[in-house]
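First the structure, in the form of structure tokens, and then the observations on it.
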Amino acid sequence: MMRKHKGYPVYPLTVAQKFHLFYLPFCPSAAVLNIGTRLTIQTEIDWPLLKECIYKAYDRCEAMRVRFAKDKEGNCYQYIVDKEERDIELVDFSKGTLEEADKVMQQWTTVPFPLEDSPLTRIVMIALPDGYNGLYFLGHHMIVDAQSLITFLKDIIELYCHQKYEGVPAPKEMASYIEQVQRDLAYEAGGKAQQKDAEFFQKEIEASHPTYCGLRGTGKLEAARAMFHNPELRSAFNASDDTASALDIFHLEGEPTKRLMDFCEQYHVSLVCLLLMGMRTYFQKMNGVDCISINTAIARRATLKEKKSGGTRIHSFPFCTDFGQDVKFIDAIYAIRDKQNEYFRHANYDPTAYFAYRAKVDPQPHAGLTYEPISLTYQPLTLKEKGLDKLGDIRYTTKWFPNGMTPQAVYLTVMHRPEDNGLDFNFEHQIKAVSREDLEYFYYYLCKIMFKGVEKPDLSIGEIIKLV
């Protein structure tokens with residue numbers, strides 16, 4: 001007999017959801033799990049129609065109607081309500097400046113959601129200066145990741161455009177969130193697939209011997225070695241004791257972005273491979289070691305059903321590469337691609353099990369020590385996808401708002417800008433652990449390394465390091 005809560009069937013949390021609870025206790029506020037963004041288009045909006053389309057999008061997407069509850073033992077579980085019935089308000093910022101409007105939305109992003117029996121998303125219709133209108137969306141990371149958020153916003157726009165403009169097709173149905181949750185839970189219950197994934201990552205852990213690499217060199221590693229009186233120690237403290245964060249964004253223009261994308265197309269590699277190669281080469285240059293590990297996020301949305309089911313599906317794992325300076329840039333990229341593909345095949349594995357196994361194989365003198373200086377996420381999704389190009393030249397903008405804190409020292413999210421399809425490098429970082437100057441330096445050399453490699457892929461890593 002299925003357990004029920006308020007008449008709705010309940011389901012346990014998935015590994016991807018529990019992963020967020022894993023770091024929550026280290027942060028002073030639950031707002032660390034907030035994702036806030038705005039999406040606006042430069043056109044008049046029929047507000048009652050937009051509101052109707054938002055409700056319709058909620059109806060079509062189970063994941064956005066998830067609620068959490070706790071049982072007597074304090075375990076968290078989830079259920080889905082039938083309808084989203086709250087009023088969706090309209091806030092008119094058009095008389096002020098964009099900076100003032102963004103300040104208010106930034107403030108909204110720092111307000112945590114109540115965890116039990118309460119909506120875990122908030123949508124506000126917004127009118128901005130200069131004729132831009134649209135919506136602000138806030139979601140709880142345990143039910144939303146960047147890809148499901150973009151898919152949901154796209155659904156709202158497509159529903160609206162379908163009703164508003166002639167010849168714009170209705171968007172196709174969304175997929176069931178609960179079906180995906182049930183598949184994830186069946187996997188977690190054990191079986192051949194899970195065993196194979198565990199074996200893959202256990203071998204990976206046993207074979208990797210990375211050394212912590214700092215953004216500005218070996219200072220943090222030397223400090224840890226001195227602190228634990230161990231000159232052989234390869235790990236260090238990366239994060240600070242203060243989770244207050246800032247978001248620094250660096251913009252790569254459309255034309256140079258196209259050069260990177262063209263290279264990826266020509267050599268059949270993804271941009272993530274090129275980014276990982278650029279980042280690890282930077283750390284190799286700054287720290288003088290060959291074996292380097294970087295945290296990398298995997299979206300786990302390979303199938304159409306996974307892409308359209310919403311929710312949060314990200315698993316994050318350390319990605320370790322060991323290339324001597326005599327290895328050619330292009331050969332290293334191919335090796336990264338092959339390894340990425342293996343990671344994708346085994347990505348359902350529980351990241352907390354990864355770290356537990358690593359702690360067993362490679363015990364550390366302190367739980368806070370790590371090998372990874374940075375985490376990388378790449379968002380290939382843009383709204384410039386099919387369907388919206390039929391609107392001609394309607395201009396639109398998006399902006400992500402930081403929630404004000406992060407448990408990690410620095411987290412890089414790379415995504416495409418809607419205006420010109422250039423890349424935005426979004427660095428969310430602990431203010432106390434990493435400065436904007438550190439990031440400017442890192443970004444400057446990361447770009448130099450990537451462009452030099454793209455221009456002359458047959459150069460060795462050592463030659464590129466010398467040239468930049």
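Computed over heavy atoms, backbone and side chain alike; hydrogens, waters and symmetry mates excluded.
Atom CZ of R358 and atom CD of Q364 lie 7.5 Å apart (nearest 0.5 Å). Summarising the geometry, atom CZ belonging to F317 is positioned 10.5 Å from atom NE2 belonging to H346; distances are rounded to the nearest 0.5 Å. Distance check: T109 OG1 to N34 CG gives 7.0 Å after rounding to the nearest 0.5 Å. Put simply, NE2 on H429 and CD1 on I374 are 11.0 Å apart, with the number rounded to the nearest 0.5 Å. Here the straight-line distance linking atom CZ of R313 with atom CG of D184 works out to 4.5 Å at 0.5 Å rounding. Residue F68 holds its CZ atom at 10.5 Å from OH of Y79, rounded to the nearest 0.5 Å.
The side-chain heavy atoms of L369 and Y212, taken from C-beta on, include no pair separated by under 4.5 Å. The shortest side-chain heavy-atom distance between L50 and N133 does not fall under the 4.5 Å cut-off. Contact check for Q180 versus T14: no side-chain heavy atoms found under the 4.5 Å cut-off. Two residues are said to be in side-chain contact when any heavy atoms from C-beta on lie closer than 4.5 Å; V269 and L274 fail this criterion. Looking at heavy atoms from C-beta onward, L128 lies in side-chain contact with R38 at the 4.5 angstrom threshold. In this structure, V15 and E188 have side chains that are in contact, with non-hydrogen atoms separated by less than 4.5 Å. Under the 4.5 Å side-chain criterion, counting only non-hydrogen atoms from C-beta, L247 is not in contact with F401. Residues L376 and V414 form a side-chain contact, since some pair of their non-hydrogen atoms from C-beta on lies under 4.5 Å apart.
Side-chain atoms of R337 never come within 3.5 Å of backbone atoms of A332 as a donor-acceptor pair (strictly under, hydrogens ignored). For H162 (side chain) and A170 (main-chain N/O), a donor-acceptor pair under 3.5 Å exists by modelled atom type. A donor-acceptor contact shorter than 3.5 Å links the side chain of S245 to the backbone of M405. In this structure, S208 contributes its side chain and P210 its backbone to no donor-acceptor pair below 3.5 Å. Within the 3.5 Å criterion, the main-chain N or O of V32 finds a donor-acceptor partner in the side chain of N403. Between the Q284 side chain and the I292 main chain, no donor and acceptor come within less than 3.5 Å of each other. When atom types are taken as modelled, the side chain of R65 and the backbone of I80 share no donor-acceptor pair closer than 3.5 angstrom. Side-chain atoms of D242 come within 3.5 Å of backbone atoms of A244 as a donor-acceptor pair (strictly under, hydrogens ignored). Distance alone, capped at 3.5 Å, places no donor-acceptor pair between the Q78 side chain and the R67 backbone. Side-chain atoms of K307 come within 3.5 Å of backbone N or O of A302 as a donor-acceptor pair.
Salt-bridge check for E372 with R234: failed, with every basic side-chain N at 4.0 Å or more from each acidic carboxylate O. Between K51 and E89 there is no salt bridge, since no side-chain N of the basic residue sits under 4.0 Å from a carboxylate O of the acidic one. Under a 4.0 Å N-O distance rule, the pair R216/D438 qualifies as a salt bridge. Taking a cutoff of 4.0 Å between a charged side-chain nitrogen and a carboxylate oxygen, D145 and R301 qualify as a salt bridge. Look at E158 and K154 and you find a salt bridge, because one of the NZ, NE, NH1 or NH2 atoms lies within 4.0 Å of a carboxylate O, short of that distance. Contact check on K56 versus D155 returns no salt bridge, with no Lys/Arg side-chain nitrogen under 4.0 Å from an Asp/Glu carboxylate oxygen. The pair K305-E179 meets the salt-bridge criterion, with a side-chain N (NZ, NE, NH1 or NH2) lying under 4.0 Å from an Asp/Glu carboxylate O.
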Q: Decide salt bridge (Lys or Arg N to Asp or Glu O under 4.0 Å) for R436 and E440; before the verdict, give the C-alpha distance in whole Å, the side-chain angles of both, and the deciding distance to 0.1 Å.
A: CA-CA 6 Å; R436 184 183 164 94; E440 273 173 1; 3.1 Å; yes
Q. Could you go step by step and tell me if K18 and D350 meet the salt bridge (Lys or Arg N to Asp or Glu O under 4.0 Å) rule?
A. CA-CA 10 Å; K18 286 181 194 158; D350 179 352; over 6 Å; no
Q: Could you please spell out the steps behind the side chain to side chain donor-acceptor pair (under 3.5 Å) verdict for D322 and H209?
A: CA-CA 9 Å; D322 189 351; H209 302 286; over 6 Å; no
Q.
Please evaluate residues Y357 and E206 with respect to the criterion side chain to side chain donor-acceptor pair (under 3.5 Å), reporting the C-alpha separation (whole Å), side-chain torsions for both, the decisive distance (0.1 Å), and the verdict.
A. CA-CA 9 Å; Y357 189 77; E206 288 157 17; 2.4 Å; yes
Q: For the pair D197 and R345, evaluate salt bridge (Lys or Arg N to Asp or Glu O under 4.0 Å) and give the outcome as yes or no after the intermediate values.
A: CA-CA 8 Å; D197 297 344; R345 280 201 292 279; over 6 Å; no
Q: Go through the steps to decide whether Y77 and D71 satisfy the test side chain to side chain donor-acceptor pair (under 3.5 Å), and finish with yes or no.
A: CA-CA 8 Å; Y77 54 86; D71 61 19; over 6 Å; no
**Q.** Q17 and T312: CA distance, side-chain angles, deciding distance, side chain to side chain donor-acceptor pair (under 3.5 Å) verdict
**A.** CA-CA 7 Å; Q17 289 175 310; T312 189; over 6 Å; no
Q: Could you please spell out the steps behind the ring pair (Phe, Tyr, Trp, His ring centres under 6.0 Å) verdict for Y354 and H315?
A: CA-CA 11 Å; Y354 178 103; H315 281 184; over 10 Å; no
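By the neighbour-count criterion of 12 heavy atoms within 6.0 Å, atom CZ of F228 is densely surrounded, having more than that number from other residues, nucleotides or ligands. Crowding of R60 atom CZ: a count of heavy atoms from other residues, nucleotides or ligands under 6.0 Å exceeding 12. For CD of E265, the number of neighbouring non-hydrogen atoms (other residues, nucleotides, ligands) closer than 6.0 Å is 12 at most.
Closest non-hydrogen pair, L221 versus S235, comes out as CD1-O, 3.6 Å. Considering all non-hydrogen atoms of both residues, P373 and N238 come closest at O-ND2, 3.0 Å. Across every non-hydrogen atom of Q340 and F319, the tightest pair is OE1-CE1, 3.6 Å. Minimum interatomic distance between C320 and E204 (heavy atoms only, all atoms of both residues): O-OE2, 4.4 Å. Between V144 and G139 the shortest heavy-atom distance is CG2-CA, 4.3 Å. Contact record, I156 with C53: O-CB, 4.1 Å, taken as the closest heavy-atom pair.
For an aromatic pair to be called close, the ring centres must be under 6.0 Å apart, and F250 with F427 satisfies this. For an aromatic pair to be called close, the ring centres must be under 6.0 Å apart, and Y349 with F200 fails this. For H268 and F263, the gap between ring centers reaches or exceeds 6.0 Å. Residues F425 and H251 keep their aromatic ring centres 6.0 Å or farther apart.
With respect to L135, the side-chain contact (heavy atoms from CB on, under 4.5 Å) criterion is satisfied by exactly one of I88, I123, V124: I123. With F283 as the partner, the ring-ring contact (aromatic ring centres under 6.0 Å, His included) test is satisfied by one option alone out of Y371, F442, Y445: F442.
A donor and an acceptor atom, one from each side chain of Y177 and S148, are nowhere located under 3.5 Å apart. A donor and an acceptor atom, one from each side chain of T413 and T377, are nowhere located under 3.5 Å apart. In summary, the side chains of Q430 and T406 do not present any donor paired with an acceptor at a separation below 3.5 Å, with no hydrogens or angles considered.
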